[in-house]
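Heavy-atom basis, side chains included; hydrogens, waters and symmetry copies ignored.
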Amino acid sequence: MKFLSDFLPVALFFGSYLITHDMFLATKVLVAATALLFAWTWFKHRKVDAMQWINLVLSVVLGAATVISHNDLFIIWKFTVLYWLMAIALLVSDFMGKNGLKLLMGEQIQLPQAIWRKLAYAWAVFFVSMGALNLYVAFNFSREIWLSFKLFGSLGLMVVFVIAQSLFLSKYIEEKK
């Protein structure tokens, strides 16, 4: 559910652009939706994870830079920076001896340490690739295509990656009896 709610601001960003064809208004919608989702999460759970903080800060800072400078490259870079920060977080946590994915999912799934490490590296590579792909699409195609990729392409690639991960992990998961 959290995964889908994280895409809500992007969907509203996309929708507002489709309706108005105004990237700067769409950016304001993205910032507002991100802030409201952050506030809702805080009031509901009384905590917000680090990536939500980072997403909020990037959205506000780069969204403001986009609107003030009237340059949409800031908001385009926001998505790449977020992907790359997630990859860095996974790699740094592993380097420090704390697997970030295991910390997040260790209660739900039991895996050998070597598999947790492979999983973390796979996600790090995925996030680096998604950041690079975001820039490739943004700089080689129209804004409409980039926005469609941002909503549908990145979501679709994430779903495909999660399914591939699930198939890989299925041989390591034991059913509870």
As an exercise, state the distance from [atom1] of [X] to [atom2] of [Y], rounded to the nearest 0.5 Å.
X: Tyr121; Y: Leu91; atom1: OH; atom2: CG; result: 6.5 Å
X: Leu30; Y: Thr34; atom1: CG; atom2: OG1; result: 4.0 Å
X: Asp49; Y: Thr41; atom1: CG; atom2: OG1; result: 8.5 Å
X: Leu90; Y: Leu85; atom1: CG; atom2: CG; result: 11.0 Å
X: Ser16; Y: Met23; atom1: OG; atom2: CE; result: 9.5 Å
X: Phe168; Y: Leu119; atom1: CZ; atom2: CG; result: 7.5 Å

Please report the C-alpha distance between Lys102 and Leu111 in whole Å, then the side-chain angles of each, then the deciding distance to 0.1 Å, and finally whether the side-chain contact (heavy atoms from CB on, under 4.5 Å) criterion is met. CA-CA 9 Å; Lys102 185 176 182 181; Leu111 296 170; over 6 Å; no
For [X] and [Y], indicate whether the former's side chain and the latter's backbone hold a donor-acceptor pair under 3.5 Å.
X: Trp84; Y: Val128; value: yes
X: Asn71; Y: Ala65; value: no
X: Thr80; Y: Trp77; value: no
X: Asn134; Y: Phe79; value: no
X: Ser93; Y: Lys98; value: yes

Nearest heavy-atom pair of [X] and [Y]: which atoms, and what distance?
X: Ala124; Y: Ala87; value: O-CB, 3.5 Å
X: Thr66; Y: Ile75; value: OG1-N, 2.9 Å
X: Leu147; Y: Phe14; value: O-CD1, 3.5 Å
X: Ile76; Y: Ala138; value: CG2-CB, 3.4 Å
X: Lys78; Y: Leu62; value: CA-CD1, 3.5 Å
X: Ala122; Y: Phe161; value: O-CZ, 3.5 Å

Is there a path of hydrophobic side-chain contacts, each under 4.5 Å between heavy atoms of I, L, V, M, F, W or Y residues, that connects [X] with [Y]?
X: Val10; Y: Leu73; result: yes
X: Trp42; Y: Leu8; result: no
X: Trp146; Y: Met158; result: yes

Tell me, do [X] and [Y] make a side-chain contact under 4.5 Å, heavy atoms counted?
X: Leu56; Y: Gln52; value: no
X: Trp116; Y: Leu103; value: no
X: Asn99; Y: Gln113; value: yes

Which word best sums up how the rings of [X] and [Y] line up, parallel for under 30°, tilted for 30 to 60°, or perpendicular for over 60°?
X: Tyr136; Y: Phe141; answer: perpendicular
X: Phe126; Y: Trp123; answer: perpendicular
X: Phe24; Y: His70; answer: parallel

Could you check, using the six-membered ring where one of them is a Trp, whether Phe38 and Trp53 have ring centers closer than 6.0 angstrom?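 Between Phe38 and Trp53, the centre distance is under 6.0 Å.
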Working for side-chain contact (heavy atoms from CB on, under 4.5 Å), residues Phe13 and Val29: CA-CA 6 Å; Phe13 176 67; Val29 169; 5.6 Å; no
Run Glu144 and Leu18 through side-chain contact (heavy atoms from CB on, under 4.5 Å) and show every step you take. CA-CA 8 Å; Glu144 288 78 14; Leu18 282 181; 5.7 Å; no
If you count every heavy atom of other residues, nucleotides or ligands that lies below 6.0 Å from Phe95 atom CZ, does the total exceed 12?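 No, because the 6.0 Å sphere around CZ of Phe95 holds 12 heavy atoms or fewer from other groups.
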Could you walk me through whether Tyr83 and Leu133 satisfy the side-chain contact (heavy atoms from CB on, under 4.5 Å) test, starting with their C-alpha distance in whole Å, then the side-chain angles of each, then the deciding distance to 0.1 Å, before giving a yes or no? CA-CA 11 Å; Tyr83 284 132; Leu133 187 56; over 6 Å; no
